[in-house]
Colleague: 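Okay, handing you the structure first.
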Amino acid sequence: MRFRIEQRPEPSAAMRIAAPVLASILTLIVGSLFFASLGHDPLPTLYAFFVEPLSSMNGLSEWLLKASPLILIACGLAIGFRANVWNIGAEGQFTMGAIAASGIGLFWPNPDSALLLPLMFLAGMAAGMAWAAIPAFLRARMNTNEILVTLMMTYIATLFLSYLVHGPWRDPAGFNYPQTALLPTGALFESFDPAYRLNPSIFITVIAVLVMWLFTDRSFLGYKMSVSGAAPLAARYAGFRESAAVWIGLLAGGAAAGVAGMAEAAGPLGQLSPQISPGYGFAAIIVAFIGRLNAFGIVLGGLLMSLLFLGGEGVQMTLALPSALTRIFQGILLFFLLAADFFIFYRIRVVRPARDAHVLETARVAGD
Amino acid sequence: MHPRLELRNISKRYPGVVANDDVSLSIQPGEIHAVLGENGAGKSTLMKIIYGAAQADTGEIYCDGNAIAAHNPAMSRALGIEMVYQHFALFESVSVVENIALSASGAFDLPSLADKIRELSLRYGMPIDPHRQVHDLSVGERQRVEIVRCLLQAPKLLILDEPTSVLTPQAVVKLFDTLRQLAAEGCSIVYISHKLDEVQELCDTATVLRNGKVTGTARPKETTSLELARMMVGSKLPEMHVSPAAPSEKPVLEVRNLSAKARDHFGVDLKDVSFDVRGGEIVGLAGVSGNGQAELIALLSGERTHGHYDAIKIGGTPAAGLRPDERRKLGLAFVPEERLGRGAVPSHTLWENAVLTAHRLGTVSKGLVDRRKASIFAAGVIDRFKVKANGPGATAQSLSGGNLQKFIVGREIALAPKLLLVSQPTWGVDVGASAFIRQTIVDLSRAGTAVFVVSEELDELFEICDRLLVICQGQVSPSLVRTSTDREEIGLLMTGRKMSKDRSGDVALQD
Ligand SMILES: Nc1ncnc2c1ncn2[C@@H]1O[C@H](COP(=O)(O)OP(=O)(O)OP(=O)(O)O)[C@@H](O)[C@H]1O
Ligand SMILES: [Mg+2]
């Protein structure tokens, strides 16, 4: 008996639904074996990973708080990914957004102005877009590879932030810690409840998801982008500009990441320090793909990713699992999720050689 | 003796359609066997099953008396089965010789393989430069590469799925000589074509498919093409009506002294091309593929722009610097030669593909795609052009070659253009549908549209065109009136030989 992988004539609709379920089950099985083999009782571990973080109000608040930037950034990135524009520098655009927004927050003459937050929002968005505009310009004009440029720009952004908080923007009253002064209250999102950190910036994400859905699924511009991604020659045939797809794809990602950076600075952080992101910009790439570049899929992907962050921290604290273990477990889940997608487009068939086919079997071996 | 190939009760279904229904046939060594049928009859599906590129749901395949189990293309090649796909299966980003090396089994040596390709392709009358990149080749040239690739393997069974659809008549003659010689040496050949005269000339036996079922067998050499057509279509063929043209006063398309460097150094430079197309007439461009047609068409469609804005005028407006969508606003519609990936997005549905160019016709409003209207538009094209498809929601790649061609031609004609550019309008379309497409193009022109047709099929050009141009080495001849020229003259011009006529006579013809 032999197995063969073959392409399905049509992507399987049933598999689209079954794939994430299958992936989850496989993760639970493999994860349990993995924990068990290392001497950790699987059930309590899985419980601590997935259930405990969500069983308190604070846990729920943290869950959404962390999911929000992931979802927001992934929505922006997915617009580009659909058109084969590979912005992997959202981390840098996030950083620039946070810097620009904090700059306004720190130095605006009237710290009580009601315009302060809206201005910071615009500054964050503009900075993220500006940071993405550089690779967009280089790609559209000089055909440079945006994957490399966006990634490199991330390092520049991170080092620039480091320079600011170690140098010109360092808080004089901050005991020489590399961080800025706290943002004034007028420059902060006020939490829904002082006991928890969740704040209204989450509504920005909700709106972004709806806009993203409208753009990709209903708008003509989104349609053009998907043609550019799926068949560049057809896009040229129809007269859709390739450079437009590049600009829109990168600017959407930059805007989303910049706003996410602003919301982070004006939300849970409240000031700048060298480390402002636990890797949101990179994790969002995975979120975009788990969500199959679809707005509502991205929401689920972001919630899952956020839960993995929380659960990972949780088991490290409550069960004292090493952080490497939690990372491996997160990797297992992501691996199965993305691998299960394969079965939407392909299937495995069992083939049995016929009795009188031994001559041909030899031929096949020679041919393989 | 065992037959070279025997199919027993092959069935294959796709969502919404039975592509092959209990098909049995057998082919002897040295036999040239035609498989005939309308677009969507299931011919390509059957060939893919024989080659192992698709799996039958039920049924058995025997090769030289042995059942083939666990079939796949690698096994086919090991058995000496080679196939030229209808939609070519070449690697775009590497050269011709690398492509051929990739599909050869065993070790190879690129320089000597390149020499062999150059020599063999010349001998077969299908010259190709082994070092060109495949993505720069026109479909005609790609077809040559596919055929040469198969012939190089010295196959025992050769499957040709519409190999001559974009070959010139001269190349077809040479190909047939080669095929006959192969058959005489014992190679069996399965031949698919919608050109019945070719089938009658070449094939010993024929199997006719309709809706996936075998509806008959025939000996083409002893059967008239009318009878063959009737077996395929099951009804009478429509007749063409070409009324005399009444060209408009002003030209709709004016090309003046258009020169352009080829995009890569293997392409052909256009040299000082000038011609007009008036409303109400059909002008054809004849020529061997790879003589600058691709460059000219890209410049006319706007896929490539040009710095001298006046070199191309559409309806009097300088257009050489405009993008395709801007030219479409001037009334241009365009059917490109590649249907998958250029004329249509393979993975998108038909309604989505309708939006590709029909976005001016209300399928987009206020920046949003109107799915309902797009579906209605697509359904209209499907209905009018009798496209065999599982509704507007079917993906473009699930359609048979001829049916996708009908959809794209239908979409562009439905735009009610002032100027229609068509490249290979009936490539891969069955006899009944070709006649319908040609008639529709003629009717469109008689209603006032200017039509410019690029085709390698001289018969087609002679059937519908009012005037003919010939392109050779990037130069376009003065125009010839269809009724006062003949195949011989065009043939000479296609090979670059000058006519004996004096130039003033040609200029007189142009007016
Ligand atoms: N991958 C697929 N998914 C769904 N339907 C398919 C697929 N491939 C082919 N079909 C359907 O099967 C039928 C037969 O298609 P096939 O390509 O074999 O036709 P054909 O005889 O080669 O036609 P043509 O002369 O136009 O090339 C068509 O109705 C087509 O739509
Ligand atoms: Mg076919």
Side-chain angles (χ1 to χ4, degrees), chain A residues 1-14 82-83 213-244 345 347 349-368, chain B residues 13-15 54-55 60 63-80 105 135 298 301-304 322-328 334 336 338 340-348 352-353 355-357 359 363-371 394-398:
Chain A
M1 200 165 73
R2 281 164 31 95
F3 295 98
R4 191 180 44 231
I5 293 165
E6 67 177 36
Q7 193 167 12
R8 293 176 189 272
E10 305 255 304
S12 156
R82 281 171 162 248
W213 172 79
L214 195 71
F215 181 84
T216 54
D217 274 50
R218 289 289 183 271
S219 81
F220 187 41
L221 210 52
Y223 169 82
K224 289 183 182 179
M225 303 268 299
S226 77
V227 174
S228 296
L233 283 180
R236 185 184 295 172
Y237 159 77
F240 305 158
R241 265 180 287 194
E242 196 202 342
S243 60
F345 301 99
R347 62 183 167 206
R349 272 167 73 117
V350 183
V351 284
R352 289 182 193 79
R355 265 163 289 113
D356 52 350
H358 54 273
V359 185
L360 299 177
E361 276 295 309
T362 359
R364 185 195 53 73
V365 172
D368 269 356
Chain B
R13 35 173 74 247
Y14 284 118
Q55 309 298 321
E60 288 125 49
C63 184
D64 292 325
N66 297 313
I68 307 183
H71 201 21
N72 61 35
M75 160 115 92
S76 278
R77 285 201 294 274
L79 289 170
S105 37
H135 62 81
S301 70
E303 287 164 315
R304 199 181 155 191
L322 300 181
R323 288 198 320 272
D325 52 331
E326 295 167 323
R327 296 190 199 196
R328 284 174 175 275
F334 168 44
E338 296 98 339
L340 272 178
R342 186 165 163 204
V345 183
S347 56
H348 281 187
E352 285 173 301
N353 273 300
V355 177
L356 198 61
T357 63
H359 49 81
T363 55
V364 172
S365 68
K366 301 202 188 80
L368 299 184
V369 175
D370 188 332
R371 295 180 176 210
T395 57
Q397 64 202 0
S398 78

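First the proteins, then the strands, lettered A, B, ... as listed; each starts at 1. Treat the numbers as computed from the prediction; the structure is a model and nothing was measured.
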Colleague: Got a sec: does the CD of E326(B) have more than 12 other heavy atoms crowding it under 6.0 Å?
Modeller: yes

Colleague: Report which part of F240(A) has an atom under 4.5 Å of a heavy atom belonging to chain B: side chain, backbone, both, or neither.
Modeller: side chain

Colleague: Give the member of A230(A), A234(A), P232(A) that has the highest number of heavy-atom pairs under 4.5 Å with chain B.
Modeller: A234(A)

Colleague: Flag this pair as yes if the NZ/CZ of R328(B) is under 6.0 angstrom from the six-membered ring centre of Y237(A) and inside a 45 degree cone about the axis; otherwise no.
Modeller: yes

Colleague: Does a side-chain heavy-atom distance below 4.5 Å link V227(A) with H348(B)?
Modeller: yes

Colleague: Given that the side chain runs from C-beta out, which part of P346(B) has a heavy atom under 4.5 Å from chain A: side chain, backbone, both or neither?
Modeller: side chain

Colleague: At a 4.5 Å cut-off on heavy atoms, which part of R371(B) comes close to chain A: side chain, backbone, both, or neither?
Modeller: side chain

Colleague: Please look at D370(B) and chain A and tell me whether the side chain, the backbone, both or neither of the residue comes under 4.5 angstrom of a heavy atom of that chain.
Modeller: neither

Colleague: More than 12 heavy atoms of other residues, nucleotides or ligands under 6.0 Å from CZ of R241(A): is that the case?
Modeller: no

Colleague: At a 4.5 Å cut-off on heavy atoms, which part of S347(B) comes close to chain A: side chain, backbone, both, or neither?
Modeller: side chain

Colleague: For the interface with chain A, which of P336(B), G302(B), S76(B), S365(B) has the highest count of heavy-atom pairs at distances below 4.5 Å?
Modeller: P336(B)

Colleague: Given that the side chain runs from C-beta out, which part of V364(B) has a heavy atom under 4.5 Å from chain A: side chain, backbone, both or neither?
Modeller: side chain

Colleague: Given that the side chain runs from C-beta out, which part of E352(B) has a heavy atom under 4.5 Å from chain A: side chain, backbone, both or neither?
Modeller: both

Colleague: Do you know which of V369(B), T363(B), T357(B), L340(B) has the most heavy-atom pairs with chain A at a distance under 4.5 angstrom?
Modeller: V369(B)

Colleague: Taking all non-hydrogen atoms of both residues into account, name the closest pair between E303(B) and R236(A) and its distance.
Modeller: O-CD, 3.6 Å

Colleague: Non-hydrogen atoms of chain A under 4.5 Å away: do they reach the side chain of R342(B), the backbone, both or neither?
Modeller: both

Colleague: Enter the distance from L368(B):CG to L221(A):CG here, rounded to the nearest 0.5 Å.
Modeller: 10.5 Å

Colleague: Quick check for you: among V345(B), L322(B), L356(B), which has the greatest number of heavy-atom pairs under 4.5 Å with chain A?
Modeller: L356(B)

